[in-house]
**Student:** 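I'd like to ask some things about the structure below.
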Amino acid sequence: MTRTEEPAESSCCLNYQCRSPLSTRTVSHLAGLLRRHLKMIRSWWRILPPGRIAVIVLTVLWHDQRLADMAGGNNLSESTVRRWRDELIALLAAQLPSAATSSTAPSPSPRSDSGSGHDLRRV
């Protein structure tokens, strides 16, 4: 059996571009989070600037784009895009308030004055 390194007949690489409805504010916020994180962990180098990383991650999340497609179109490895995606999701999750300190915690149900513990809404 012979092995060939040539692509199959009529196969070619497919690249496409799309517009993502991402606001400048969203991209800037995510890039700022990443910049602060990189400074905190003392990482002085990434293959792309934080703004470009933010756009790639948001595109992956917004369009449910395959990691391999986004990686190949940007000359990156799939594992790099996966690591960036997980890292930025963790940074965003760290900004969320915890359930214990949330002001939207459910309030106790109204009780009757007699102290019987019956819910007034069911009467």
Side-chain angles (χ1 to χ4, degrees):
M1 176 185 253
T2 61
R3 187 173 180 170
T4 180
E5 298 295 324
E6 297 175 16
E9 204 173 310
S10 73
S11 68
C12 65
C13 298
L14 297 176
N15 286 328
Y16 68 94
Q17 295 179 353
C18 66
R19 277 188 92 101
S20 297
L22 302 173
S23 69
T24 305
R25 186 175 176 188
T26 303
V27 174
S28 296
H29 176 71
L30 201 55
L33 276 175
L34 184 57
R35 275 188 206 97
R36 286 189 297 276
H37 175 69
L38 294 176
K39 190 179 250 188
M40 186 182 71
I41 65 171
R42 297 181 182 191
S43 173
W44 57 274
W45 184 82
R46 290 281 169 115
I47 195 164
L48 293 176
R52 186 83 184 272
I53 293 171
V55 169
I56 290 172
V57 169
L58 288 169
T59 303
V60 166
L61 296 173
W62 182 266
H63 291 288
D64 197 24
Q65 189 72 30
R66 284 184 358 159
L67 296 175
D69 293 340
M70 283 304 291
N74 291 288
N75 295 325
L76 302 165
S77 70
E78 182 180 353
S79 62
T80 299
V81 176
R82 180 181 296 112
R83 188 181 70 247
W84 288 346
R85 181 199 63 194
D86 295 345
E87 184 176 37
L88 288 174
I89 288 173
L91 287 173
L92 286 171
Q95 284 193 319
L96 293 175
S98 67
T101 61
S102 177
S103 63
T104 60
S107 60
S109 61
R111 305 257 178 202
S112 67
D113 291 336
S114 65
S116 62
H118 296 289
D119 191 352
L120 292 177
R121 290 178 286 178
R122 295 191 327 192
V123 175

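The basis for the numbers below is simple: all heavy atoms, side chains too, and nothing from hydrogens, waters or symmetry mates.
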**Student:** Consider only side-chain heavy atoms of I, L, V, M, F, W and Y, link residues closer than 4.5 Å, and tell whether Leu96 and Leu34 are in one cluster.
**Tutor:** no
**Student:** Could you check if a side-chain atom of Ile53 sits within less than 4.5 angstrom of a side-chain atom of Ile47, using non-hydrogen atoms only?
**Tutor:** no
**Student:** Tell me, yes or no, whether the heavy-atom count around Arg52 atom CZ, taken from other residues, nucleotides or ligands under 6.0 Å, exceeds 12.
**Tutor:** no
**Student:** Does some side-chain heavy atom of Leu88 sit less than 4.5 Å from a side-chain heavy atom of Leu61?
**Tutor:** no
**Student:** For Ala54 and Ala31, which heavy atoms make the closest approach, and how far apart are they?
**Tutor:** CB-N, 4.1 Å
**Student:** How far does CZ of Arg83 sit from OG of Ser77, to the nearest 0.5 angstrom?
**Tutor:** 7.0 Å
**Student:** Nearest 0.5 Å, please: how far is CG in Leu91 from CG in Asp86?
**Tutor:** 11.0 Å
**Student:** Just so I know, are the side chains of Gln95 and Leu33 near enough to count as touching, which here means a heavy-atom distance under 4.5 Å?
**Tutor:** yes
**Student:** Salt-bridged, Arg46 to Glu87, with N to O below 4.0 Å?
**Tutor:** yes
**Student:** Are the side chain of Thr80 and the backbone of Leu76 linked by a donor-acceptor contact shorter than 3.5 Å?
**Tutor:** no
**Student:** Just wondering, do Leu48 and Trp84 contact through their side chains at under 4.5 Å, heavy atoms?
**Tutor:** yes
**Student:** Which heavy atom of Arg35 sits nearest to which heavy atom of Pro50, and what is that distance?
**Tutor:** CG-CG, 3.6 Å
**Student:** When you look at Val81 and Val57, which way does the side chain to side chain contact (heavy atoms under 4.5 Å, CB included) test go after all the steps?
**Tutor:** CA-CA 7 Å; Val81 176; Val57 169; 5.8 Å; no
